[in-house]
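Everything on this sheet refers to the single structure shown next.
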Amino acid sequence: MQSLKCGGMSITSTIQTAVITALEQLYNQSFSAKDFQINQTKPEFEGDYTVVLFTLLKPLRLSPDVLGNALGNHLTQTQPSFFCGFNVIKGFLNLTVADEYWGTLLNNNYQNKGYGRKSNRGKTIVVEYASPNTNKPLHLGHLRNIFLGWSISEILKADGYDVVKACIANDRGIHICKSMVAWQKFGHGATPESTGMKGDHFVGDYYVLFGKAHKEEIQELTAGGMSEEEAEKEAPIMKAAQQMLVDWEAGKPEVIALWKKMNSWVYAGFDVTYKRIGSDFDKMYYESDTYILGKKLVEEGLQKGVFYKKDDNSVWVDLTGDGLDEKIVQRKDGTAVYITQDIGLAVEKYEAYHYNQSIYVVGDEQNYHFKVLQLICQKLGLPSSDGIYHLSYGMVELPSGRMKTREGTVVDADDIMDEMIKVAAQKTEELGKVKDFTANELDKLYNTIGLGALKFFILRVDPKKRMIFNPEESIDFHGFTASFVQFSHARASAILRNEQPNHHWSLQYNEPLLSLEKDLIILLEQYPAIIQQAAAEHNPAVIVNFSYDLAKTFNSFVTEHRVLKAETENKKQVRLRICEMTANVIASGLALAGIEAPERM
RNA sequence: GGCCUCGUAGUACAAUGGAUAGUAUACGAGUUUCCGAAGCUCCAGAUACAGGUUCGAUUCCUGUCGAGGCUACCA
């Protein structure tokens with residue numbers, strides 16, 4: 001029976017093909033997959049999958065009942081071992097898929113830990129994420145960025161792409177000069193070592209000091225009659241920062257030395273945080289390198305006439321023809337602006353990897369920036385321009401509103417991770433199920449549960465959407481959470497510790513699959529398509545939501561049916577296979593979100 | 001002002017144009033001599049408003065109201 005052997009094909013496309021063939025044979029008309037929908041049948045109706053007939057009625061000039069019955073009869077008669085029953089309600093043809101199909105699927109895949117992963121496509125995608133400024137520590141917004149970037153990279157790998165995880169350190173610019181000036185002025189030679197601080201937090205404090213000093217100077221100047229706007233620019237400390245940027249680009253040795261020293265402190269701090277998150281990069285870029293290529297491309301663009309120079313020597317691009325505005329690409333003092341380096345980086349990435357796609361995981365407040373970037377790259381005739389894809393995600397807000405530095409409401413990345421792990425430890429101790437664990441094992445488990453909860457809480461939301469982070473809800477371990485999914489994995493593992501499936505047993509189909517058994521296999525069947533969907537939509541939430549559905553169904557299944565004391569040996573073998581495959585798919589799905597699945601918790 | 005995004009139960013999130021709009025929390029009520037109760041079962045509760053397209057609209061279009069972002073020689 002051919003349909004039973006359709007290894008790589010999802011059941012919806014199998015049904016789609018079967019329907020197309022049937023329509024061809026019955027009515028001598030050709031349709032494509034786009035012409036009608038296959039949905040999972042709603043639980044209140046009998047059947048597994050549903051063909052929505054409405055769109056076919058007009059071209060075929062048939063009533064829903066006539067078409068539904070003709071199609072249902074044809075499918076069940078020509079492929080009886082695949083379609084074992086049908087019913088037609090209104091314009092819906094509900095098909096029941098034979099237990100033998102589900103059993104075969106289960107038996108073929110239950111041990112396969114790589115189930116759902118595609119073979120290599122020979123295409124490369126560069127994913128840029130994290131991309132922090134090196135003047136302050138990482139916060140909750142960065143965490144959404146890093147979780148997303150890392151997860152989408154893993155999902156794309158699972159979908160058969162070669163992925164390069166890239167990070168650009170925004171290590172130069174006026175913001176960096178601000179913390180440098182402040183340290184010169186107020187630091188008195190202090191270092192992270194001398195103060196016992198994590199380097200990124202140490203430097204971040206000077207950035208804050210700059211802001212305070214700047215504000216005070218503005219107040220003095222406005223008291224003397226200057227306008228607010230002018231005072232911001234004329235404040236001595238701001239002048240000093242601007243001068244430092246010019247000196248930096250000129251390569252003034254003492255400025256460069258200070259810059260290197262302070263950045264190294266920040267990197268040391270970031271490394272600790274990345275390691276804890278479990279994030280990694282294949283390639284680091286530094287804005288301090290890429291801006292030079294950017295400036296070179298600005299020069300070329302001037303010659304090509306893509307850019308033009310204003311009287312004050314600043315360089316611009318006119319995008320009014322594309323519905324946007326004019327955009328500056330180089331300042332009048334000759335220094336690079338933010339977008340300058342991005343032009344350089346786009347070229348550098350392309351030359352290194354000849355990517356098919358270059359994804360930028362960057363917040364949606366920069367939607368305009370990336371529109372401009374892509375247009376500029378197009379106008380410069382760069383081959384890199386086509387593959388540019390801005391994976392734009394929404395802001396993370398607190399229940400009280402947007403995080404604001406000056407109000408001190410920014411949630412620090414290190415702090416929130418500490419908190420999550422602490423609460424995970426408390427909860428685990430209360431339950432007292434792992435008293436025999438060693439200190440190391442406990443430590444690892446608390447990390448797995450605490451960080452898992454955080455990643456799950458953030459990744460469960462569609463990236464495009466703004467999300468509200470409620471600290472109290474994030475550390476809940478009930479309901480739609482990582483702990484729930486991890487618990488299900490531990491539960492399946494516990495059963496499998498008692499007994500493994502007998503691999504020599506050949507499954508019998510004389511006792512029908514029970515509803516929860518079949519629900520689980522149906523979900524497991526969907527996993528490869530789920531990976532594909534998550535990759536195509538660049539959306540880890542698809543995987544996270546799926547893993548929760550699977551875990552939820554599994555918990556009901558385990559509560560409802562005995563596995564080890566099943567009614568018959570055959571049932572036991574079916575259920576053991578379901579346990580093993582569910583455990584594998586949960587572990588695999590969570591792994592794509594950067595979450596570990598413990599054997600015990 | 002211009003451009004873009006978003007309005008779904010008290011709250012937080014789902015739903016390639018398809019059947020009675022799912023799930024979790026918080027709230028009620030049950031559930032452990034039985035493979036893990038971080039579980040399971042039951043009870044309630046929502047598509048901002050007004051039009052339009054369609055056999056069918058949370059989804060697509062228009063308008064109103066509301067929220068956010070961008071519109072920097074900041075990044």
What nucleic acid atoms does [X] come within less than 4.0 Å of, heavy atoms only: base, sugar-phosphate, or nothing?
X       : value
N94(A)  : base
F484(A) : sugar-phosphate
K433(A) : base
S314(A) : base
R562(A) : base
T55(A)  : base
I174(A) : sugar-phosphate
V52(A)  : base
T428(A) : base
H489(A) : nothing
L324(A) : nothing
I468(A) : sugar-phosphate
D462(A) : sugar-phosphate

Could you tell me how far [M] sits from [N] if I compare only their [atom1] atoms? Round to whole Å.
N       : M       : atom1 : value
rA67(B) : rU54(B) : C1'   : 31 Å
rA46(B) : rU23(B) : C1'   : 13 Å
rG45(B) : rC27(B) : C1'   : 10 Å
rG39(B) : rG22(B) : P     : 23 Å
rU71(B) : rA14(B) : C1'   : 34 Å
rA9(B)  : rA48(B) : C1'   : 14 Å
rA57(B) : rC61(B) : P     : 16 Å
rU41(B) : rU25(B) : P     : 12 Å

Find the distance [X]:[atom1] to [N]:[atom2] and express it as a whole number of Å.
X       : N       : atom1 : atom2 : answer
E365(A) : rC74(B) : CD    : C1'   : 12 Å
I495(A) : rC34(B) : CD1   : P     : 15 Å
M467(A) : rA24(B) : CE    : C1'   : 14 Å
H369(A) : rU5(B)  : NE2   : P     : 19 Å
F477(A) : rA38(B) : CZ    : P     : 13 Å
N545(A) : rA24(B) : CG    : P     : 13 Å
F370(A) : rU5(B)  : CZ    : P     : 18 Å

Nucleotide paired to [N] in any strand shown, Watson-Crick or G-U, under 3.5 Å:
N       : result
rU58(B) : none
rC65(B) : rG7(B)
rU32(B) : none
rA12(B) : rU23(B)

Kindly point out which of [options] is positioned nearest to the side chain of [X]?
X       : options                   : result
Q37(A)  : rG36(B), rA24(B), rU16(B) : rU16(B)
Q366(A) : rG68(B), rC35(B), rA75(B) : rA75(B)
R466(A) : rG36(B), rG7(B), rG68(B)  : rG68(B)
N555(A) : rC40(B), rC34(B), rA37(B) : rC40(B)
Y548(A) : rC35(B), rA24(B), rA19(B) : rA24(B)
Y368(A) : rA38(B), rC55(B), rC70(B) : rC70(B)
H478(A) : rU16(B), rC40(B), rG39(B) : rG39(B)
M601(A) : rA75(B), rA24(B), rG36(B) : rG36(B)
V461(A) : rA14(B), rC35(B), rA67(B) : rA14(B)
H175(A) : rA75(B), rA38(B), rA24(B) : rA75(B)

Would [X] and [Y] count as having a side-chain donor-acceptor pair, cut-off 3.5 Å?
X       : Y       : answer
Q366(A) : Y338(A) : yes
N170(A) : E287(A) : yes
D318(A) : T320(A) : yes
R491(A) : N555(A) : yes
Q573(A) : E569(A) : yes

#### Entry: Atom pair CG (N133(A)) and NE2 (H142(A)), whose distance is rounded to the nearest 0.5 Å
6.5 Å
### Task
Please round to the nearest 0.5 Å and tell me the distance separating atom CG of L516(A) and atom OG1 of T553(A).
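OG1 of T553(A) is found 7.5 Å from CG of L516(A).
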### Backbone N/O of S10(A) and side chain of Q526(A): donor-acceptor pair under 3.5 Å
no
### Task
Between E599(A) and K552(A), just flag the one whose closest nucleotide in RNA chain B comes earlier from the 5' side.
K552(A)
### Query
When the nearest nucleotide of RNA chain B is assigned to Q40(A) and to A541(A) on a heavy-atom basis, which residue is associated with the more 5' position?
A541(A)
Does a side-chain N or O from [X] land closer than 4.0 Å to OP1 or OP2 of [N], or not?
X       : N       : value
R402(A) : rG69(B) : yes
T50(A)  : rA19(B) : no
R331(A) : rC74(B) : yes

### Message
Please identify which of these residues, S488(A), S547(A), S493(A), meets the side chain to side chain contact (heavy atoms under 4.5 Å, CB included) condition with I586(A).
### Response
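When S488(A), S547(A), S493(A) are each tested with I586(A), the side chain to side chain contact (heavy atoms under 4.5 Å, CB included) holds only for S488(A).
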Does the side-chain ring of [X] lie flat on the base of [N], meaning centres under 5.5 Å and planes less than 30 degrees apart?
X      : N       : answer
F45(A) : rA19(B) : yes
F54(A) : rG56(B) : no
F92(A) : rA19(B) : yes

### Query
Under the 3.5 Å rule, do the base of rA72(B) and the side chain of D325(A) count as making a donor-acceptor pair?
no
#### Entry: Salt-bridge present (R600(A), D436(A); N to O < 4.0 Å)
yes
